[in-house]
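Below: the structure, in structure tokens.
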There are 2 protein chains.
Amino acid sequence: MTQGRASFSEQLADDIVQLIRSESLGPGDVLESSRDLAKRFAVTTPTVREALRRLEATGVVELRHGSGTYIGPGLERSVLANPHRPHITRASVIELVQARLVIEPGIAALAASARDAAGLQRLEAAAATALQPPVHGVRPALNFHVELAAASGNGLLRETVEALLHVRAPEQTEIRFRYDDRRRDHAEHLEILAAVRDGDGAAAERLTRTHLTTIRESLETADFGGAAS
Amino acid sequence: MTQGRASFSEQLADDIVQLIRSESLGPGDVLESSRDLAKRFAVTTPTVREALRRLEATGVVELRHGSGTYIGPGLERSVLANPHRPHITRASVIELVQARLVIEPGIAALAASARDAAGLQRLEAAAATALQPPVHGVRPALNFHVELAAASGNGLLRETVEALLHVRAPEQTEIRFRYDDRRRDHAEHLEILAAVRDGDGAAAERLTRTHLTTIRESLETADFGGAAS
DNA sequence: TCATGGAAGTGACTAAATCACTTAGTGATT
DNA sequence: AATCACTAAGTGATTTAGTCACTTCCATGA
């Protein structure tokens with residue numbers, strides 16, 4: 001890096017990550033209280049808070065008022081979506097679909113060749129619940145694509161797709177809810193699922209490409225210029 | 001929702017982002033001093049610092065001791081690499097190459113069809129400097145792939161490749177420096193460049209796949225079990 | 001012209017409190 | 001016996017006030 005020495009809070013954030021690793025803490029576990037952390041590392045509470053805020057921004061920890069500091073899912077992630085992203089535009093939505101169109105067909109092909117029983121089961125479950133409305137912030141309609149990437153066996157690909165789908169997730173769901181045919185989506189998901197189950201990589205790739213192309217076209221024809229509200 | 005109201009610092013982080021947008025500040029510009037921000041939003045300095053630390057973690061701002069708070073490149077980014085990632089293993093490096101093998105050939109094909117003069121020029125510059133050693137944290141050898149993605153015209157694809165290459169970047173460079181044939185890499189880059197210049201998407205896709213396959217094989221045969229140091 | 005030095009402005013951190021929320025335990029009520 | 005309301009302890013959230021360290025810049029002097 002350009003800076004030789006890091007600030008206290010930056011150093012402290014690394015130390016806390018190291019502490020989490022050395023104690024083998026996983027998502028959901030409780031971290032030491034901020035007061036104890038302050039004592040342990042011989043700094044004051046505001047400094048600890050800065051370090052924790054930093055870690056919170058990338059999902060490594062989660063601070064719950066009155067309860068404690070908990071380990072989040074961010075520790076094992078390599079790539080993530082920026083929580084502060086630019087406003088949505090028509091172009092940005094289409095850009096996203098085009099990016100997915102480049103990336104996801106290859107993932108589908110890989111998933112068809114690398115599938116296993118557990119992955120197939122999760123994929124089937126995701127396809128089955130795709131028509132249910134979003135609850136608790138989880139969007140079943142998008143979950144199928146994440147599980148498809150997970151079935152490829154490559155964690156980085158899963159994270160990449162997850163991050164891309166997290167980009168402007170609320171607006172994406174809103175738009176698909178208004179302009180997309182979810183029954184057709186579901187039918188296409190089932191076709192992809194069948195191809196993956198049969199181990200037919202070429203078909204999975206082709207079907208995924210068709211699926212995303214259909215979505216892109218429905219977005220391109222739809223006029224949502226004033227749909228920002 | 002799970003939590004109805006956000007904490008002060010979380011709300012404040014959003015407000016600061018909004019302030020940056022409303023004043024049309026870009027990377028390199030100076031943000032208001034933390035004391036002034038505290039006055040403007042009627043909170044105290046530690047709270048401001050927490051919000052800034054949060055934004056710093058995702059690259060939205062950069063705090064320089066004694067100088068000021070500067071806008072960083074993170075504001076316009078949608079997907080980024082996690083600064084606190086797990087330790088490197090042999091499997092994780094190969095996983096990364098496999099992920100790139102799925103994603104980048106399609107990007108090369110898109111770049112060949114969407115290329116323009118400016119993009120080609122940047123791509124040529126990246127290829128020309130690829131043999132130079134890393135300086136100031138910039139790794140010319142990896143830059144070619146980022147510029148290739150940029151030439152596709154899709155910003156999200158560029159960010160995705162950039163984030164993937166940022167994952168374990170130092171270790172990656174180290175490994176390639178030790179086990180990879182950089183002259184061969186360079187020759188293959190030039191081939192890809194020629195295909196993109198000719199607008200031959202199929203060739204660009206094939207050459208990129210070959211290029212990454214070669215890298216993967218050289219990593220699989222290399223024994224870097226004890227190269228963690 | 002150029003180096004020196006110091007003042008002003010900035011972020012970094014400390015210190016001691018108080019406030020607000022969650023949780024679990026306790027006891028009374030049903 | 002089961003349930004509910006209350007209480008107390010532990011936790012994060014925020015404030016207030018102040019000191020320290022770094023950077024920048026400009027005036028000063030050689």
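Just so you know, these numbers use all the heavy atoms, side chains as well, and skip hydrogens, waters and symmetry mates. Here is the naming used below: chain letters follow the sequence lines, and residue numbers restart at 1 for every chain.
- Residues satisfying the side-chain hydrogen bond (donor to acceptor under 3.5 Å, both in side chains) test with A:Asn154, not counting sequence neighbours, are none.
- With a cut-off of 3.5 Å on both pairing distances, the Watson-Crick or G-U wobble partner of C:dT30 is D:dA1.
- Residues forming a side-chain hydrogen bond (donor to acceptor under 3.5 Å, both in side chains) with A:Gln98 (at least two apart in sequence, or on another chain): none.
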Identify each atom pair where a protein N or O and an N or O of nucleotides 6-8 of chain D are less than 3.5 Å apart, giving names and distance.
none

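- For A:Glu32, the side chain to side chain contact (heavy atoms under 4.5 Å, CB included) partners at least two apart in sequence or on another chain are A:Leu19, A:Asp36, A:Leu37, A:Arg40.
- Between B:Ser67 and A:Tyr70, it is B:Ser67 whose nearest contact on DNA chain C lies nearer the 5' terminus.
- Rounded to an integer number of Å, the gap from B:Leu52 CG to C:dC13 P is 13 Å.
- Across the protein-nucleic acid pair, A:Glu32 atom CD and D:dG10 atom C1' stand 14 Å apart, rounded to whole Å.
- By the side-chain hydrogen bond (donor to acceptor under 3.5 Å, both in side chains) test, B:Gln11 pairs with B:Asp15, sequence neighbours left out.
- The residues B:Glu162 and B:Arg158 are annotated as salt-bridged, a charged nitrogen and a carboxylate oxygen being separated by less than 4.0 angstrom.
- One atom, CG of B:Asp36, and another, P of C:dT10, lie 6 Å apart when rounded to the nearest Å.
- Nucleotide C:dA16 holds its P atom 13 Å from the NZ atom of A:Lys39, rounded to whole Å.
- Partners of B:Glu76 under the salt bridge (Lys or Arg N to Asp or Glu O under 4.0 Å) rule, at least two apart in sequence or in another chain, do not exist in this structure.
- Looking at residues 12-25 of chain A, you'll see that no heavy atom sits under 4.0 Å from any atom of DNA chain D.
- Contacts of B:Asp29 classified as side chain to side chain contact (heavy atoms under 4.5 Å, CB included), with partners at least two apart in sequence or in another chain: B:Leu25, B:Ile71.
- Residues meeting the side chain to side chain contact (heavy atoms under 4.5 Å, CB included) test with B:Leu190, sequence neighbours left out: B:Ala127, B:His186, B:Leu193.
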Please list each protein N or O that sits under 3.5 Å from an N or O in nucleotides 13-16 of chain D, with the distance.
unit_1, atom_1, unit_2, atom_2, d
D:dA13, OP2, A:Arg49, NH2, 2.3
D:dA13, O5', A:Arg49, NH2, 2.9
D:dT14, OP1, B:Phe8, N, 2.4
D:dT15, OP2, B:Thr44, N, 3.4
D:dT15, OP2, B:Thr44, OG1, 3.0
D:dT15, OP2, B:Thr47, OG1, 2.7

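- Side chains of A:Ser34 and A:Arg49: no donor on one and acceptor on the other come within 3.5 Å.
- Residues forming a side-chain hydrogen bond (donor to acceptor under 3.5 Å, both in side chains) with A:Glu104 (at least two apart in sequence, or on another chain): A:Arg100, A:His145.
- Take A:Glu147 and apply the salt bridge (Lys or Arg N to Asp or Glu O under 4.0 Å) test, not counting sequence neighbours, and it matches A:Arg122.
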